[in-house]
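Shown next, in structure tokens, is the structure this report addresses.
The analysis underlying the following values was restricted to heavy atoms, covering all of them including side chains, and did not include hydrogens, waters or symmetry mates. One-based numbering, in listed order, for ligands and for the atoms of each. All values derive from a computational prediction rather than experimental measurement.
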Amino acid sequence: MNLILLGPPGAGKGTQAKRIEEARGLVQLSTGDMLRAAVKAGTEVGMKAKAVMEAGELVSDDIVIGIISDRVDEPDCADGFILDGFPRTVAQAEALDTLLTEKGKTMDVVIEMQVEDDPLVGRITGRSTCAKCGEGYHDEFKKPKVEGVCDKCGHTEFSRRADDNEETVRSRLSAYHAQTAPLIGYYGEKGTLKSIDGMAAIDDVTAQINAVLDAV
Ligand code: AP5
Ligand code: MG
Ligand code: ZN
């Protein structure tokens, strides 16, 4: 099964994608994570993307379409993948349709995570990630069981994203409303859209997603 998690910054796409990956053996494809890896590695793509990401704007369609087109060809995607943060513009959605058709693949369901803007700022400014295994945490909503120690791997260093400050979050939210929200209509017309309440607690959101996926 192939699916898209659609929602604004802080909606919980990454949190839920990791859970679906573990429970169902699908691969999480996060263009944000891939771009951050490229920035860290100092590749050509990374050098182009760095300032754009720090400003909270969208990286060019060509770059992200190229990344996804190559990535879905890898063997681990054969049994299904979760797109997290892609597509983000109508042009990306159209390119995705074309490339999936060319590769003989289909998009089974698009899950829209409905959330309100204001609480997202707090979700994002409170976010941290284990520097070793990448497990995500929140200062208030998802603390490690032992303070300062990763639940998954025991590591004690955590990192915060360069774009996780209030000013950049506001730009990311406006980019979402202007450029990404039109995809709700795009997939609504195709009949693949399912909407869930992303304001619920993390476990409740997982339960709603499982109900959608079980019905596909
Ligand atoms: P990307 O990395 O995709 O960031 P984003 O869309 O801004 O989303 P986030 O990762 O911030 O949020 P999330 O929905 O994953 O939330 P999470 O689960 O972590 O993109 C970054 C940048 O890269 C973009 O701005 C752009 O520049 C570029 N880019 C990427 N893809 C692109 C594309 N296709 N085209 C062009 N440019 C692209 O949760 C957030 C926090 O809230 C966590 O701390 C979590 O613990 C907590 N939380 C999660 N769910 C809940 C809940 N239900 N209740 C309470 N807290 C919760
Ligand atoms: Mg994310
Ligand atoms: Zn860890």
Side-chain angles (χ1 to χ4, degrees), residues 4-19 28-39 45-46 48-68 82-93 95-96 111 113-116 119-144 148-165 168-176 179-180 183 196-209:
I4 295 172
L5 291 180
L6 179 63
K13 304 181 295 293
T15 302
Q16 299 299 333
K18 289 225 153 53
R19 289 181 168 205
Q28 175 194 13
L29 304 183
S30 159
T31 40
D33 287 349
M34 294 174 203
L35 290 166
R36 280 184 288 280
V39 169
V45 163
K48 281 187 190 154
K50 188 172 189 284
V52 179
M53 291 172 78
E54 281 173 7
E57 289 163 12
L58 295 186
V59 174
S60 79
D61 289 336
D62 291 353
I63 289 182
V64 289
I65 292 164
I67 291 177
I68 286 293
I82 309 152
L83 291 178
D84 159 6
F86 180 93
R88 256 178 152 94
T89 61
V90 171
Q92 290 178 24
L96 176 65
I111 301 180
M113 307 178 72
Q114 291 183 328
V115 282
E116 293 152 25
L120 297 182
V121 177
R123 281 196 193 179
I124 285 177
T125 52
R127 168 169 51 194
S128 65
T129 307
C130 170
K132 189 173 179 195
C133 76
E135 181 70 3
Y137 292 96
H138 190 279
D139 297 341
E140 194 181 333
F141 308 126
K142 192 182 174 240
K143 295 182 188 169
V149 182
C150 175
D151 294 345
K152 281 243 157 124
C153 75
H155 197 69
T156 51
E157 277 168 88
F158 295 82
S159 58
R160 291 186 189 258
R161 276 166 47 177
D163 61 345
D164 277 357
N165 55 75
T168 310
V169 171
R170 296 280 174 200
S171 313
R172 285 157 59 194
L173 284 171
S174 27
Y176 175 81
Q179 293 168 275
T180 309
L183 297 182
I196 60 151
D197 173 19
M199 295 309 297
I202 296 177
D203 287 345
D204 293 338
V205 176
T206 306
Q208 293 178 63
I209 292 177

May I ask you to identify the nearest protein heavy atom to [atom], giving residue, atom name and distance to one decimal place in Å?
atom	result
atom 36 (C) of ligand 1	Val59 O, 3.2 Å
atom 13 (P) of ligand 1	Lys13 N, 3.5 Å
atom 44 (O) of ligand 1	Tyr137 O, 2.9 Å
atom 16 (O) of ligand 1	Gly12 N, 3.3 Å
atom 31 (N) of ligand 1	Thr31 OG1, 2.7 Å
atom 10 (O) of ligand 1	Arg161 NH1, 2.9 Å
atom 6 (O) of ligand 1	Arg88 NH2, 2.5 Å

Test your reading of the model: is there a side-chain donor-acceptor pair from [X] to the backbone of [Y], 3.5 Å cut-off?
X	Y	value
Lys142	Gly136	yes
Gln208	Asp197	yes
Lys13	Gly85	no
Arg88	Tyr176	no
Arg123	Gly10	yes
Arg161	Arg36	no

Heteroatom proximity flag, [X] to ligand 1, N/O under 3.5 Å:
X	answer
Asp164	no
Val205	no
Val64	no
Ser128	no
Val52	no
Ser30	no
Glu57	yes
Gln92	yes
Gly14	yes
Gly56	no

Taking all non-hydrogen atoms of both residues into account, name the closest pair between [X] and [Y] and its distance.
X	Y	value
Arg160	Asp139	NH2-OD1, 2.9 Å
Leu58	Ala175	CG-CB, 4.4 Å
Ala38	Val45	CB-CG1, 4.2 Å
Val205	Ala200	CG2-O, 3.5 Å
Phe158	Pro144	CZ-CG, 4.4 Å
Gly134	Thr129	O-CG2, 3.2 Å

So, do [X] and [Y] sit near enough that their side-chain heavy atoms are less than 4.5 Å apart?
X	Y	answer
Asn165	Thr125	no
Val115	Met199	yes
Met53	Val39	yes
Leu83	Leu96	yes
Gln16	Ile111	no
Leu173	Pro9	yes

Against ligand 1, does [X] come closer than 4.0 Å with any heavy atom?
X	value
Gly10	yes
Met199	no
Tyr176	no
Met113	no
Gly7	no

#### Entry: Spacing of Ile67 atom CD1 and Asp62 atom CG [to the nearest 0.5 Å]
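Interatomic distance, Ile67 CD1 to Asp62 CG, rounded to 0.5 Å: 11.0 Å.
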
### Query
Which distance, rounded to the nearest 0.5 Å, do you find between the NE2 of His155 and the SG of Cys150?
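So the gap between those two atoms works out to 8.5 Å.
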
Go through ligand 1 atom by atom and flag the ones less than 4.0 Å from a non-hydrogen atom of [X].
X	answer
Thr15	17 (P), 18 (O), 39 (O), 45 (C), 49 (C)
His138	44 (O), 46 (O)
Phe141	55 (C), 56 (N)
Arg36	2 (O), 21 (C)

### Task
May I ask you to identify, for Ile202, whether its side chain, its backbone, both or neither come under 4.0 Å of ligand 1 on a heavy-atom basis?
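Both parts.
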
### Task
Record the part of Ala200 in heavy-atom contact with ligand 1 below 4.0 Å; permitted values are side chain, backbone, both and neither.
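Backbone only.
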
Given [options], which one has a non-hydrogen atom that is nearest to [atom]?
atom	options	result
atom 19 (O) of ligand 1	Lys143, Glu135, Arg127	Arg127
atom 22 (C) of ligand 1	Met53, Arg123, Arg172	Met53
atom 28 (C) of ligand 1	Leu35, Thr180, Asp139	Leu35

#### Entry: Asp203 with Arg19: basic N within carboxylate O range, under 4.0 Å
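Looking at Arg19 together with Asp203, the answer is yes, because their closest N to O distance falls below 4.0 Å.
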
#### Entry: Distance filter under 2.8 Å, centred on the Zn ion (ligand 3) - protein N, O or S atoms that pass it
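N, O, S partners closer than 2.8 Å: Cys130 SG, Cys133 SG, Cys150 SG, Cys153 SG.
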
